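For reference, the structure discussed in these notes is given below.
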Number of protein chains: 2
Amino acid sequence: MAHTQDPMEVLNRYLDEHGMKHTRQREIIVGEFLKSNKHLQIEELLNQVKKIEPSIGYVTVYRTLMLLKECGLAHQRHFGDGKSLFEKAGDHHDHMICIKCGSINEFEDDRIEKLQEQVAKRINFKIVSHRHEIYGCCSRCQNE
Amino acid sequence: MAHTQDPMEVLNRYLDEHGMKHTRQREIIVGEFLKSNKHLQIEELLNQVKKIEPSIGYVTVYRTLMLLKECGLAHQRHFGDGKSLFEKAGDHHDHMICIKCGSINEFEDDRIEKLQEQVAKRINFKIVSHRHEIYGCCSRCQNE
DNA sequence: CCTCCGCTGAAAACCACTTTCAAATGAGTT
DNA sequence: AACTCATTTGAAAGTGGTTTTCAGCGGAGG
């Protein structure tokens, strides 16, 4: 029955195993990150966090996100090629990005995943991860 | 029989229509770009170009690539999230990128394209372009 | 061959990170 | 509770690739 998958547990275990400390800042930042349900820019998360503890700076948020990446709790993405976005690790999904309003729709299609694997196998390529993004115009923006 | 699709023609038309000039530098840079068959970094193209005319600088190559992008003759890509790569516009293809050696394999699969369209139609999303990249380990790197 | 305005190259500015460093703080030890 | 000391923190400085600025150059129509 053990083996909790609770993100906070995962983080705490990672910290302990690496001789790292449990600090108030990390707790706040991770808490806010996990609470959110969208793709977050560093600055956005920083703003959230500053509402709770204004003294926390960009760098600490940045480092905490790197930490979350390292223990597998977050993924970093680069869409429009501006700033990085971070999302909670979890079920896999790909993205449809509206080039007008920037909104992001997530999608998932097992048939596509399967075909990917087929294509990779053909040249003996071992897939580690992938990125599939569709750019275009969302239904809202099509009606001006 | 009119309507040539020759890239040079496309470029020249674009220049004329925008009151832009035909210069030796642009000619050399575009010539070298079109001659190449791989994904080029700005610096790589710069090196090619300098063999012909050493006085040409980074900035001019950069601006010429932006120009090519604008007239639809080149696409800009950001893979590993380091430097931009530019590739000739043409047949569409996606990429498999080796995370060890950085080599890039192009692939294409109509079935995947079709499924993409299906997924987009489902939420009334109008596709303009897409990016599909598979990261992993190429066969060469799997044998150390 | 003149003149105008786009073009060029070097250098400076930008921007989003990423690293550095001295001071502050967890958390074992006494 | 006080001591110790490696880890953290925040501000500031550094990076690296790209983008803009600007003074002089040069294409091309008159």
Side-chain angles (χ1 to χ4, degrees), chain A residues 11-33 39-71 74-86 102, chain B residues 11-33 39-71 74-86 102:
Chain A
L11 176 67
N12 289 333
R13 195 175 315 138
Y14 187 91
L15 291 178
D16 292 344
E17 283 170 0
H18 290 74
M20 299 170 85
K21 293 179 176 170
H22 302 236
T23 67
R24 180 168 151 59
Q25 288 92 329
R26 294 222 245 248
E27 213 163 284
I28 294 173
I29 296 167
V30 175
E32 285 305 299
F33 176 73
H39 303 79
L40 285 172
Q41 293 180 7
I42 299 179
E43 297 282 359
E44 288 177 321
L45 183 52
L46 176 61
N47 290 338
Q48 288 304 315
V49 159
K50 270 189 181 303
K51 288 181 194 163
I52 299 173
E53 177 49 71
S55 71
I56 292 178
Y58 176 97
V59 195
T60 302
V61 173
Y62 164 75
R63 278 187 289 224
T64 304
L65 284 169
M66 294 302 115
L67 169 62
L68 288 172
K69 239 175 52 169
E70 259 181 53
C71 53
H75 292 305
Q76 182 173 16
R77 310 212 169 264
H78 301 258
F79 291 133
D81 288 313
K83 314 184 178 178
S84 291
L85 292 177
F86 292 82
Chain B
L11 176 67
N12 289 333
R13 196 177 313 139
Y14 187 91
L15 292 178
D16 292 344
E17 284 170 1
H18 290 74
M20 299 169 87
K21 293 182 175 166
H22 302 237
T23 67
R24 179 167 153 62
Q25 288 91 327
R26 294 223 245 248
E27 213 163 287
I28 293 173
I29 295 167
V30 174
E32 285 304 300
F33 176 72
H39 303 79
L40 284 173
Q41 295 180 7
I42 299 179
E43 296 282 358
E44 288 177 322
L45 182 52
L46 176 62
N47 289 338
Q48 288 303 317
V49 158
K50 271 189 181 302
K51 288 181 193 163
I52 300 175
E53 178 48 72
S55 70
I56 293 178
Y58 176 97
V59 195
T60 302
V61 173
Y62 163 76
R63 279 186 291 226
T64 303
L65 284 168
M66 294 301 116
L67 169 64
L68 289 172
K69 236 174 56 169
E70 259 180 52
C71 54
H75 293 306
Q76 184 172 15
R77 311 211 168 263
H78 300 259
F79 291 134
D81 288 312
K83 314 184 177 176
S84 292
L85 291 178
F86 292 82

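A, B, ... follow the sequence lines: proteins, then strands. Residue 1 opens every chain. No experiment lies behind these values; they were computed from the predicted model shown.
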Taken to the nearest whole Å, OH/Y14(A) to C1'/dT7(D) is 14 Å
In whole angstroms, how far is the P atom of dT7(D) from the CG atom of L67(A)?
15 Å
Residue list, side-chain contact (heavy atoms from CB on, under 4.5 Å) with K83(A), at least two apart or on another chain:
Q41(A), E43(A)
What is the distance, to the nearest angstrom, from the CD atom on E53(A) to the C1' atom on dT9(D)?
12 Å
Could you work out, with side-chain contact (heavy atoms from CB on, under 4.5 Å) as the rule, every residue matching H78(B), not counting sequence neighbours?
D81(A), Q76(B), S84(B), R131(B)
Run the side-chain contact (heavy atoms from CB on, under 4.5 Å) test against I52(A) and tell me which residues pass, sequence neighbours left out.
I28(A), E32(A)
Near-strand residues of residues 20-28 of chain B, defined as heavy-atom separation under 4.0 angstrom from DNA chain D
K21(B), H22(B)
Please identify each residue that fulfils ring pair (Phe, Tyr, Trp, His ring centres under 6.0 Å) with H75(B), with sequence neighbours left out.
none
From CG of D16(A) across to P of dT7(D) the rounded distance in Å is 14 Å
All pairs passing side chain to side chain donor-acceptor pair (under 3.5 Å) where residues 46-56 of chain B contributes a residue, at least two apart:
R24(B)-E53(B), E53(B)-S55(B)
When every nucleotide of nucleotides 15-22 of chain C is labelled 5' to 3' by its protein contacts under 4.0 Å (heavy atoms), B for base, S for sugar-phosphate only, - for none, what sequence of letters results?
-SBBBB--
Looking at OG1 of T64(B) and CZ of R26(B), how far apart are the two atoms once the value is rounded to the nearest 0.5 Å?
6.0 Å
Rounded to whole Å, CD1 of I29(A) lies from C1' of dT8(D) at a distance of 11 Å
What pairs with Q25(B) under side-chain hydrogen bond (donor to acceptor under 3.5 Å, both in side chains), at least two apart in sequence or on another chain?
none
Between dT19(D) atom C1' and K69(B) atom NZ, what is the distance in whole Å?
12 Å
For Y62(B), all residues meeting side-chain contact (heavy atoms from CB on, under 4.5 Å), sequence neighbours excluded
I42(B), Y58(B), M66(B)
With H22(B) via ring pair (Phe, Tyr, Trp, His ring centres under 6.0 Å) - residues at least two apart:
none
Please list each protein N or O that sits under 3.5 Å from an N or O in nucleotides 23-25 of chain D, with the distance.
none

All pairs passing salt bridge (charged side-chain N to carboxylate O under 4.0 Å, His left out) where residues 60-71 of chain B contributes a residue, at least two apart:
none
When you compare the side chain of V30(A) with that of L67(A), does any pair of heavy atoms fall below 4.5 Å?
no
Nearest whole angstrom, please: distance from the P of dG16(D) to the CD of E43(B).
13 Å
Over how many whole Å does the gap from F86(B) atom CZ to dG17(D) atom C1' extend?
11 Å
